[in-house]
Amino acid sequence: MWVGDQMRNKSAVLAAALAWALSSETWAEDKEPSAVVAIGPASEWTFPGATTSLGPSASVEFTVIKEWLEIEIGADTLFRKAQTEWEADVLFKKPFTLSNTVEMMLGAGPTWSYATGETGKTGVTFVADFMFWPWPERKFGWYFEPTYTYSLSSGHEKSLEVSVGLLIAIP
């Protein structure tokens, strides 16, 4: 019985903490979400070779040190003639608040990619991320994210990618 009572007490404390964290008052006091999900289309141009790819892009971003460090974990599936490429990256970004509705982040991080018929590649990605929050609640917005990637694998392929889409704040 004693173990059951302890579990119920811990569950009640956890439920109360979760309810407080998700309460609208807490969200109204600090408009900083716990995470931001970004989804949208991406287009990539690689060189040399000038191949173009299009496909969906998704990422989740969270604040590690307020106003100093945000981490974004993202993935793309890019389609081009007779080939599909999967990319994943982890980006470390420094946020800058430009206005009440616009944020910019600059960052870099490792990237991994694999295309059908090729071996996997590693590289480094550099990003400029622009986030637009048209409503004061900052629950939804949109983004524009140009990136430059340099492959560290043989051939040292380079690419430019542009991704745009919807931002969804997770309180």
- So how far is it from Leu167 CG to Asp129 CG, rounded to the nearest 0.5 Å? 7.5 Å

Would you be so kind as to tabulate the donor-acceptor pairs closer than 3.5 Å made by side chains of residues 53-61, with sequence neighbours excluded?
unit_1	atom_1	unit_2	atom_2	d
Ser53	OG	Arg80	NH1	3.0
Ser57	OG	Asp76	OD1	2.7
Glu61	OE1	Lys93	NZ	2.6

- Tyr114 atom OH: more than 12 heavy-atom contacts under 6.0 Å: yes

- Item | Side-chain (Ser151) to main-chain (Lys158) donor-acceptor, under 3.5 angstrom | no

- Message: Surrounding CD of Glu67 (heavy atoms of other residues, nucleotides or ligands, distance under 6.0 Å), is the total greater than 12?
- Response: no

- Message: Whether Lys121 engages the ring of Trp112 as a cation-pi pair (distance to the six-membered ring centre under 6.0 angstrom, angle to the ring normal within 45°) should be assessed.
- Response: no

- Item | Minimum heavy-atom distance between Phe92 and Gly109, given as atom pair plus value | CD1-CA, 4.4 Å

- Query: So do Glu161 and Thr149 actually touch side chain to side chain, heavy atoms under 4.5 Å?
  - Reply: no

- Message: Rounded to the nearest 0.5 Å, what separates atom NZ in Lys94 from atom CD1 in Ile65?
- Response: 10.0 Å

- Item | Atom pair OG/CD of Ser159 and Glu87 - distance to nearest 0.5 Å | 6.0 Å

- Message: Are the side chains of Ile170 and Pro33 in contact, using a 4.5 Å heavy-atom criterion?
- Response: no

Tell me which donor-acceptor pairs under 3.5 Å the side chains of residues 35-43 have, and how far apart each pair is, sequence neighbours excluded?
none

- Message: Whether the Thr84 and Thr116 side chains hold a donor-acceptor pair (N or O, under 3.5 Å, no angle test) is what I'd like checked.
- Response: no

- Message: Taking transitive links into account, so neighbours of neighbours count too, which hydrophobic residues share a cluster with Phe47 at under 4.5 Å side-chain distance?
- Response: Trp45, Phe96, Leu98, Val102, Met104, Leu106, Val124, Phe126, Phe130, Phe132, Trp142, Phe144, Tyr148, Tyr150, Leu152, Leu160, Val162, Val164

- Output for pair (Gln83 CD, Glu118 CD), nearest 0.5 Å, gives 4.5 Å

- Query: Roughly how far apart are Arg138 CZ and Thr101 OG1, rounded to 0.5 Å?
  - Reply: 7.5 Å

- Indicate yes or no for a side-chain donor-acceptor contact from Thr147 to the backbone of Val127 under 3.5 Å, with no hydrogens or angles considered. no

- Rounded distance [0.5 Å steps], CD in Glu70 versus CG in Leu91: 11.5 Å

- Item | Which atom of Trp133 lies closest to which atom of Glu103, heavy atoms considered | NE1-OE2, 3.1 Å

